[in-house]
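First the structure, in the form of structure tokens, and then the observations on it.
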Amino acid sequence: MAKYDFKKIEKKWQKEWERQSIGKAVDFSKKKKWYSLIEFPYPSGQGLHIGHIRSLTAMDIISRKRRMEGYNVLYPIGWDAFGLPTENYAIKTGVDPRVATKKNTDTFRKQLKGLGFSFDWSREVNTTDPKYYRWTQWLFLQFFKKGLAYKAEIDINWCPNDKIGLANEEVIGGKCERCGAEVEKRKKAQWMLKITAYADKLLKGLEKVDYLDEIKAQQINWIGKSEGALIDFELPDASYKIQVFTTRPDTLFGATYLVLAPEHELVAKLKNHISNFKEVEAYVKTARKETEEERTAENKEKTGVELKGVKAVNPATGGELPVWIADYVLAEYGTGAIMAVPAHDERDYDFAKKFNLPVTYVIAPYFLDEKDPPRKGMPMVFRKAVNCYIKNPKTGKYLFLEWKATSWKGPVSGGIEEGEDAVGASLREIREETGYTHLRFKRYLGSPIRADFYHPAKKENRAAEFIGLLFELEDETREAVEDGERDRHVPVWIPEEEALKFLNTGMTFFERIFEHNLCYTDGGRLVNSGKFSDMDSEKAKGEITKFVGGKKTVNYHLRDWVFSRQRYWGEPIPIIHCEKCGYVPVPENNLPVVLPSVKNYQPRDDGESPLASVSSWVNVKCPKCKNPAKRETDTMPNWAGSSWYFLRYADPKNSKEFASMKKLNYWMPIDWYNGGMEHVTLHLLYSRFWNIFLHDQGLVPTSEPYRKRTAQGMILGEGGVKMSKSKGNVVNPDTIVHAYGADVARIYEMFMGPFDRAIAWDAKGIEGVKRFLWRVWDIARGEKISRTKNEKLEKLLAATVKKVGEDIEKMAFHTAVSAMMIFINAAGDEEIIPVRVWSDFLKILAPFAPHLADELWYELKNKKSVHLESWPAYDPKLLKEDTVEIVVQVNGKRRGSVFAAADAGEDEVKKAALGLPNVAAALGGAAVKKVVYVKGRIINLVM
RNA sequence: GGCCAGGUGGCGGAAUUGGCAGACGCACAGGACUCAAAAUCCUGUAAUCGCAAGGUUGUGCGGGUUCAAGUCCCGCCCUGGCCACCA
């Protein structure tokens, strides 16, 4: 038997497909278009990564299936070739990045072709090609013209090791994403893209696209929209006011101080009013020096300084509030100033505790008694009441009342009478109900609790506001308890653990005794809030904002995109600085601004790009006034070229436009985009931003570029850790392809596990896939394929075609492969395989194992490639079985099974079921009370 | 701390969305072929009791709903990803 010589076969078909242009996408074809996209790879010196194959194979399978379904498919490839590794390599070795990139892309191209991907190679793009980045620069100028590209003096994240400014997104936990060095702050004029102007459109656009839910969630989180209010606090002694942003205007009555970010402009302006300005200045200085890491470190103790001599007025209460500066308030978010409500905000609470600032509770959690809710027509009585918890420090036990009638245990409690305060009322209630007289008040137990219920004894509805208090027993001195009280309940001392058990009702202060943080951050009913008291907190947000003349507003976490890099290997920003004219765009006919050759790729110690040293390139004439001027020496970030590459694929050779509207109209939007989860915030957001912007300019046909977006799971090294050179656990795809062939490599990556989940590489499993394909090969030459019928295989094939087709659409490739394995295992057992059945099997195998499928296809004397065939249909009638096995259960437990016609009635099946000896034994003569029969599946006999 | 996934044999993982838990593959064990090995093929493989027929237990833990729960509800525990002093 001829051996399956995959090396020869795969090479043969790869050549043949290239000759026949199997992957060619035809502009303006009459067929329906389909655009599949994968994230174009960064051509690193290490060559293709095993992880690339997963995503590329998945979209190759989908693209090949679409072609068979009659679509005109665009499945393009290119190189995202600007980037730090190549530049760092240039710095180290002096090798021109262009040379390294050429070498790397050649390697990648060869590897990808060796895997049999059906790309349209005629549309290959390369972000470092001046013919490409000419248009990246042109697109930047469109942003500039609309005022969406601007230069700003900002604090940038500076990596002292890479000597490069980093976008916020490239700082991970205060460290440089690339090299891990501690990031510093540095002021620098940077080009910015105003992505924040598109925050709402980026959010809205998500509603109409089909992205995985987790991808949408991450984008929504990243944009971080929050609705709130701007509220002004007057500073009566100075003629300034402090504007704060808050999402909780309902807590305004509980604001007990204000906090400014250390960088807030008012700090300097208030200098003359601040009596401790030296201290303040010193604090500002340290705060500025701190790295992001230090400033945001977990569990960091709150720090801050009061602006002594400055007082603000709470516009709701008229009360005077101290003003502080503290680094827990961020200058870049909101107004850089907050109103602090320690009772209802964790951070403010921590700060208030540390600096001994007052805590005023204004929101009470609200409970409606479900067992005894307020009744219609009954009067509603509002009462303030106390819940008293008394600890005996000698025994550690707590005092409760056990009610004689119900044996229900609860705290000493009662209403606050006219003229009493909570502590006074408590002492009175404790004395009356338990007799203890010597108690020390310890503290309040957090926010009050509001509850509405019906009081059956008093025949009235109650709206109660409970206040929790903790007391300690000083000594055991007791008075006699009145008869009336003594008849109803007895005082009992109970240890903590036991009390926690019976008080587990949700409406108790007791747990709060053991909590150090008594801040309540949820909604509820307002208390201590003047005329707003008892209002629902959601409603109060609007009402209180209106009351103090505040303004409803929306804030985003999303920040503008820092678009400057002081690096060599990127697109030069096409701007000329002229003293007279300012920032002047390079005229369009002078594009591209080509990267000049340099001797030294190292960024300069002054933080400028190496381009700044090329004076012949830097010094130019102003395009407007012709006076001497200088080129911008910053380059664009890595993300620039990838923000629009999918548009270029539609029209990759166009020298007049970035892409013609006509072609974009035909190809856009992308029907299915698959890539890594690591790119679903930044790259996806940036490229959507560019596309939406270009759509607004009338330059692209759709607002959203991607109709559907999915993501594959990462392939990890053996043992479940990330593959990396340093760990030495990198699997080279070439080894697999050489040892097993491209088809095995492709299928194995699909078969390893669910496509969207991370999975550890395990070389052992690959043998199973090899056996599967070799079995296919062996069956093909086993002289079984004939014109004779085989009903069993025909039925199985129909089910397999259905399953494989549906699984591909769900990206459940592993179960699709499993279904084909089941088919092959069955086919191996059969004497006869009808030609039609075998043909159809090869068709569904073709997207997965394109080489083997085509080889076997031509063996069937076909004249054209299997990849030009149509995707097989199946006869739904073949999926229906006439006779089915019905599981028989007794009381839900399996006791056997019976075979019956698929549409058999209950009586018939029941009779057959009762005939089973096991069933009779399980019933033991007992009568069947109930029968549950699910047609074609199960019958359950209930005794 | 927030958001999102996920927890099923020795391992990767299936389970038509409430209807036979463990498909398919790996690994392992036994057998066939072979002088032998590899390859290939056949058989077995959740745990447990039993010679067997068969029984019992079993999908992270504790409750609940249901004739029936891996799947639904309530309360926890653990793992992974992203974000994180965003007011």
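Since the model is a prediction, treat every value here as computed from it, not as a measurement. Per chain, numbering begins at 1; letters A, B, ... match sequence-line order.
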Centre-to-centre under 6.0 Å for A:Tyr328 and A:Phe351, is that the case here? yes
Assess, by modelled atom type and distance only, whether the side chains of A:Thr815 and A:Asp807 contain a donor and an acceptor separated by less than 3.5 Å. yes
Just the rounded figure in Å: distance from P of B:A39 to CZ of A:Phe772. 20 Å
When the ring centroid of A:Trp222 is compared with that of A:Tyr556, is the distance short of 6.0 Å? no
B:A87 P sits how many Å from A:Leu330 CG, rounded? 10 Å
A:Arg775 has a side chain; which of B:C20, B:C24, B:G25 sits nearest to it? B:G25
Give one of base, sugar-phosphate or nothing for A:Ser226, where a contact means two heavy atoms less than 4.0 Å apart. sugar-phosphate
Scan A:Glu885 against the nucleic acid and name what it touches under 4.0 Å (heavy atoms): base, sugar-phosphate only, or nothing. base
Ring centres of A:Phe823 and A:Phe841 under 6.0 Å apart? yes
Of the candidate nucleotides B:G13, B:G19, B:A87, which contains the atom at the shortest distance from the side chain of A:Gln889? B:G19
Distance below 4.0 Å between A:Lys893 side-chain N/O and B:U57 OP1 or OP2: yes
Nearest to the side chain of A:Asn940, heavy atoms from C-beta on, is which of B:C85, B:G19, B:A14? B:G19
Nearest of B:G19, B:A27, B:A23 to any side-chain atom of A:Val932? B:G19
Does A:Arg895 put a side-chain nitrogen or oxygen below 4.0 Å from OP1 or OP2 of B:C20? no
When you check the glycosidic angle of B:G12, does it come out syn, meaning within 90° of 0, or anti? anti
Is there a donor-acceptor contact under 3.5 Å linking the side chains of A:Asn674 and A:Gln712? yes
Picking from B:C24, B:G6, B:C82, the nucleotide nearest the side-chain atoms of A:Ser818 would be B:C24
Among B:A14, B:G25, B:C20, which nucleotide sits nearest the side chain of A:Val887? B:C20
Rounded distance in Å - CD1 (A:Ile824) to C1' (B:G25): 15 Å
Which nucleotide in the set B:C3, B:G12, B:C24 lies at the smallest distance from any side-chain heavy atom of A:Ala217? B:C3
Nucleotide B:A23, atom C1' - distance to NZ of A:Lys803 in whole Å: 9 Å
Across every strand shown, the nucleotide meeting Watson-Crick or G-U wobble geometry with B:U59 (both distances under 3.5 Å) is none
I'd like to know if A:Arg937 reaches the base of B:U16 with its side chain, counting only an N/O donor and acceptor under 3.5 Å. yes
For A:Asp762 and A:Lys770, take the nucleotide of RNA chain B holding the closest heavy atom to each; which residue's nucleotide lies nearer the 5' end? A:Asp762
Without decimals, in angstroms, what is the distance between A:Ile715 CD1 and B:G13 P? 12 Å
For B:U17, measure the glycosidic angle (O4'-C1'-N9-C4 for a purine, O4'-C1'-N1-C2 for a pyrimidine) and name it syn if it falls within 90° of 0, otherwise anti. syn
Whichever of A:Val934 and A:Phe751 has its nearest RNA chain B nucleotide further upstream toward 5': A:Val934
How many Å lie between NZ on A:Lys930 and C1' on B:G19, as a whole number? 14 Å
Length of the line joining A:Asn918:CG and B:C20:C1', which is rounded to integer Å: 14 Å
Would you indicate what A:Ile759 reaches in the nucleic acid, counting non-hydrogen atoms under 4.0 angstrom: base, sugar-phosphate, or nothing? sugar-phosphate
Using a distance-only criterion (donor-acceptor N/O pair, under 3.5 Å, no hydrogens), is the base of B:C67 paired with the side chain of A:Lys929? no
I would like to know whether A:Phe751 and A:Phe813 meet ring-ring contact (aromatic ring centres under 6.0 Å, His included); could you show each step before the answer? CA-CA 7 Å; A:Phe751 185 62; A:Phe813 303 107; over 10 Å; no
As a test of reading the structure: which of B:C3, B:G54, B:C20 is closest to the side chain of A:Ile938, going by heavy atoms? B:C20
Among B:G25, B:C4, B:C85, which nucleotide sits nearest the side chain of A:Asn825? B:G25
